[in-house]
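These numbers come from the heavy atoms of this one structure, side chains and all, not from hydrogens, waters or symmetry mates.
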Amino acid sequence: MKVTILSLGGSIVAPEGVDSAFLKRFKNAISDFLEERKDEKLILTVGGGAPARIYQKAAREIDDSIASDKLDWLGIRATHLNGELVKAVFSGYVEDDLVTDPRVEIPFTGRILVAAGWKPGFSTDTDAVYLARKFGAKKVINLSNIRKVYTDDPKLNADAKPLDRISWDDFRKMVGSEWSPGKNTPFDPVASKIAAEEGMSVICADGRNIENLIAILKDEPFEGTTISSF
């Protein structure tokens, strides 16, 4: 079976609270896709969203000297909570436990496998890349609340331009090489390094646009940015 990896950003699962309306639309669309494509499986890695942001912010306000790994663990636990929610939503397709360590033996007996945070030092984007490598996938679909990767932060630079494609070299110059808890980039620096080394491509797109997501899954024309080695 073909395995496709979706890195599902916490920003669309739980932007402030849980976005149940989005999750319902997402569930219905993915269910229809799987019923149509019987030879496909999906791996969903789920980010931390608002729960991660709220708890990390509180910790910093209480003690601004708290170590980065402690803050990362707060974010990781938030991904576990969101991951269990997504796993419950897709209970008809998920037969395995929530994956919290991509290195272990994973049976993947259902049609969908749900994964969440593993350890400090990176986001669930990196977990998605590890799982892609484990299951032989060369593409990761990164779903967040942005339509495309821009040449700069469009909130800060009105001249920032959206990109249809960008090389790993250029993308990694933009996002840097260091991870910090709660870092907000289209795809995290650690994941980017590994994906580039593995020759993977990453598609960054707005996960809230369900029709566009299904177009990506079906290899049809879509709106988003492809990061690859060309």
Side-chain angles (χ1 to χ4, degrees), residues 5-16 19 22 45-54 56-57 60-61 64 68 71-72 74-75 78-79 82 117 120-130 132 138-213 215-217 220-230:
I5 317 294
L6 278 66
S7 184
L8 190 59
S11 61
I12 56 176
V13 173
E16 297 302 330
D19 191 342
F22 160 73
T45 64
V46 188
R53 188 172 64 250
I54 290 167
Q56 288 172 339
K57 180 175 182 289
R60 288 189 180 101
E61 289 175 349
D64 61 9
S68 290
L71 295 172
D72 259 342
L74 291 173
T79 73
N82 287 340
F122 43 76
S123 77
T124 48
D125 291 341
T126 300
D127 299 304
V129 170
Y130 273 107
K138 283 296 185 180
K139 178 172 68 179
V140 174
I141 302 171
N142 185 53
L143 303 173
S144 66
N145 58 1
I146 62 170
R147 293 169 43 249
K148 292 186 178 184
V149 174
Y150 280 71
T151 54
D152 197 2
D153 187 340
K155 295 179 181 177
L156 303 176
N157 182 357
D159 295 325
K161 307 295 184 191
L163 300 167
D164 291 327
R165 298 188 68 88
I166 185 171
S167 70
W168 278 120
D169 286 344
D170 289 341
F171 182 78
R172 293 184 62 205
K173 288 174 186 175
M174 288 171 52
V175 301
S177 58
E178 299 295 323
W179 166 257
S180 58
K183 184 167 184 170
N184 186 20
T185 60
F187 202 65
D188 96 45
V190 179
S192 297
K193 180 176 186 294
I194 301 169
E197 292 172 348
E198 293 288 329
M200 295 179 188
S201 63
V202 170
I203 295 173
C204 294
D206 187 341
R208 299 166 299 183
N209 184 341
I210 300 295
E211 290 183 359
N212 191 59
L213 165 59
I216 296 172
L217 288 171
E220 296 173 351
F222 65 89
E223 180 181 55
T225 302
T226 300
I227 313 169
S228 68
S229 298
F230 296 116

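The main-chain N or O of Gly48 is never found under 3.5 Å from a side-chain atom of Thr79 such that the two would form a donor-acceptor pair. A donor-acceptor contact shorter than 3.5 Å links the side chain of Asp72 to the backbone of Gly121. Judged purely by atom type and a 3.5 angstrom limit, Arg165 has no side-chain atom pairing as donor or acceptor with the backbone of Ser228. Judged by distance alone, the side chain of Trp168 and the main-chain N or O of Gly199 form no donor-acceptor pair under 3.5 Å. The backbone N or O of Ala132 sits nowhere less than 3.5 Å from a side-chain atom of Lys139 that would complete a donor-acceptor pair.
When every heavy atom of Ala52 is checked against every heavy atom of Ala78, the shortest pair comes out as N-CB, 3.4 Å. Closest approach of Arg172 to Ala196, counting heavy atoms only: CD-CB, 4.5 Å. Of all the heavy atoms in Gly176 and Pro189, the pair that sits closest is O-CB, 3.3 Å. The two residues Glu198 and Lys138 have their closest heavy-atom pair at O-NZ, 2.6 Å. Closest approach of Thr126 to Ala191, counting heavy atoms only: OG1-N, 3.1 Å. Of all heavy-atom pairs between Pro221 and Ala215, the closest is O-CB, 3.5 Å.
Here CD1 of Ile203 is found 13.0 Å from CD1 of Ile5. Values are rounded to the nearest 0.5 Å. From Asn145, atom CG reaches atom CG of Asp19 across 11.0 Å, with rounding to the nearest 0.5 Å. Asn142 CG to Thr226 OG1: the interatomic distance, rounded to the nearest 0.5 Å, is 11.5 Å. Summarising the geometry, atom CD1 belonging to Ile141 is positioned 11.5 Å from atom CG belonging to Leu8; distances are rounded to the nearest 0.5 Å.
Side-chain contact between Asp206 and Asn212 is absent, with no heavy atoms from C-beta onward closer than 4.5 Å. The shortest side-chain heavy-atom distance between Tyr150 and Thr225 does not fall under the 4.5 Å cut-off. Between Phe187 and Val129, the closest side-chain pair of non-hydrogen atoms falls below 4.5 Å. Between Ile227 and Ile166 there is a side-chain heavy-atom pair separated by less than 4.5 Å. Leu6 is listed as a side-chain neighbour of Leu213, based on a closest heavy-atom distance under 4.5 Å. Side-chain contact between Arg147 and Arg208 is absent, with no heavy atoms from C-beta onward closer than 4.5 Å. With a 4.5 Å cut-off on side-chain heavy atoms, Pro186 and Phe171 count as touching.
Screening Thr185, Val149, Asp153 for a side chain to side chain contact (heavy atoms under 4.5 Å, CB included) with Met174, the sole residue that qualifies is Val149. The side chain to side chain donor-acceptor pair (under 3.5 Å) test with Ser7 singles out one residue from Asp188, Asp127, Asp125, and that residue is Asp125.
The number of heavy atoms from other shown groups lying within 6.0 Å of CD (Glu211) does not exceed 12. Heavy-atom neighbours of Lys173 NZ from other residues, nucleotides or ligands within 6.0 Å: at or below the threshold of 12.
Lys57 pairs by the side-chain hydrogen bond (donor to acceptor under 3.5 Å, both in side chains) definition with Glu61, not counting sequence neighbours.
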Output side-chain donor-acceptor pairs under 3.5 Å for residues 154-164, partner residues at least two apart or in another chain, one line each.
| residue | atom | partner | partner atom | Å |
| --- | --- | --- | --- | --- |
| Asn157 | OD1 | Asp159 | N | 2.9 |
| Asn157 | ND2 | Asp152 | OD2 | 3.1 |
| Asp164 | OD1 | Lys148 | NZ | 2.5 |

